[in-house]
Amino acid sequence: MERFIYADNAATTPVSREVIDAMMPIFETHWGNPSSLHEKGREAKDILDDARERIAKVFNCNSGEIYFTSCGTESDNWAIRGAAMRMKTKGRTHIVTTKIEHHAVLHTCQSLEKEGFEVTYVGVDADGVVDLDELRQVVTEKTALVAVMYANNEVGTIEPIEQIVEIAHAKGALMFTDAVQAVGNIDIDLSKLKVDMLSLSGHKIHAPKGIGMLYIRRGVVINNFVEGGGQERRKRGGTENLPYIVGLAKALEIAKESIGELDKVRAMRDRLIDGLTKIPYSKLNGHRTERLAGNVNVGFEFIEGESLLLWLDIAGICASTGSACSTASLEPSHVLIAMGIPHEKAHGSLRLSISAETTEEDVDYIIENVTSIVKKLRDMSPLWEEVVKKEACVN
Ligand code: PLP
């Protein structure tokens, strides 16, 4: 049988059998509209309330703090725009974010800049960790919101969110974290992590595409983003996507229960990193230890990441060069550039995002194939020829 290895779980994940089984009765039987007053509606409303309660339990928060959305992008847009517009009424028109955020955050901030908000994009160090000294300097009494991702989708670096919350709150600003990649990787207790808002997305944790969530701490008021009926306590209009909400609740419960399995994933990740960085002129991107359990991001000089991807695809390995949303672009990753990696080196990066489904044999197969493909691509490169010649002279 031909080999197939899915190592692109940061882009999306397959919907798990348990999640499908949890959703099926909603499609088949409990298909009512939770807003309807009749029996079918009341039944749906009970299921909706139950899913919200179960999710609140996962995060140790109140069910009234949970709002369902259509995806991570919508949650990010809502959190930032909703907070900015609300805080403007208090004279706060400054937003602080980082240079390595997902485009759902960066593009929202850019559009707010056009509407008169001032946005500061804080830098990161060579490992992708947010510069806390710079953050302390730029957050002021004018700052409405500090938006920093919990973990980066490309290089996997986990950010010091607790410290960032303190910096934001010291100046009376709201703190929002995009936890789309962190959820499922980190056990998040919202009674301890004092963020004001947190976004997540179902399809990164084995729930379907098209369901997201925004946590808004009780007492925090932000403007609506999607106007409509009275759903989600009048904060987000649109008939609730009940099957997917139930699927999300199931996926979050499974993710919490299986957090212990991540040790095995971390061990495979580290073996992959060790194996791939044995290749000459290669470098790990992102923090060595403060990184997502399944994330491997390695840069290879003198090759193009896209060519590597195509050859890996032929070998049955699904990987990525960066985030799935920007793979159509030939621009080097804004994350790697912010980390100080030169353009030519940023072009040769490979992201592998493995999961508990990955096996030790898969790890061996990936290392073997990446090693031979990088060699093959370099053998075709005039730049590499120069390197070989130079090395021959030195020796
Ligand atoms: N934020 C981060 C960090 C992501 O990785 C992604 C998706 O890749 C998103 C936001 C967008 O989520 P969605 O695909 O659900 O819109």
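Model, not experiment: these values are computed from the prediction. First listed ligand is number 1; within each ligand, the first listed atom is number 1. For reference, positions follow the sequence shown, starting with 1. Scope of the values below: all heavy atoms of this structure, side chains included, with no hydrogens, waters or symmetry mates.
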Heavy-atom distances under 4.0 Å are what count here, so tell me which part of Asp76 touches ligand 1: side chain, backbone, both or neither. side chain
Under 3.5 Å, is there a donor-acceptor pair between the His169 and Asp196 side chains? yes
Quick test of your reading of the model: are Lys142 and Glu118 salt-bridged, counting only N-O distances below 4.0 Å? no
Ligand 1-proximal atoms of Val180, by part, heavy-atom distance under 4.0 Å: side chain
Taking the side chain as every heavy atom from C-beta outward, state whether Glu141 and Lys171 have any pair of such atoms under 4.5 Å apart. yes
With backbone taken as N, CA, C and O and side chain as the heavy atoms from C-beta onward, which portion of Lys209 lies under 4.0 Å from ligand 1: side chain, backbone, both, or neither? neither
Would you mind running through ligand 1 and noting each atom that sits below 4.0 Å from a heavy atom of Cys71? 15 (O), 16 (O)
With Arg351, which of Asp8, Asn295, Asn285 fulfils side chain to side chain donor-acceptor pair (under 3.5 Å)? Asp8
Please compare Gln181, His102, Met149, Glu154 and report which has the shortest non-hydrogen distance to atom 6 (C) of ligand 1. His102
Of all the atoms in ligand 1, which lie at a distance below 4.0 Å from a heavy atom belonging to Ser201? 13 (P), 15 (O)
His203 heavy atoms, cut-off 4.0 Å: which ligand 1 atoms fall inside? 13 (P), 14 (O), 15 (O)
Hey, are Asp274 and Arg271 close enough for a salt bridge, meaning a charged N less than 4.0 Å from a carboxylate O? no
If the plane angle is over 60° it's perpendicular, under 30° parallel, otherwise tilted; pick one for Tyr67 and Trp78. perpendicular
Check: Arg217 and Met175 side chains under 4.5 Å, non-hydrogen atoms: no
If we only consider heavy atoms of Lys204, is any one of them less than 4.0 Å away from an atom in ligand 1? yes
Should Ala151 be counted as touching ligand 1, given the test is an N or O pair under 3.5 Å? no
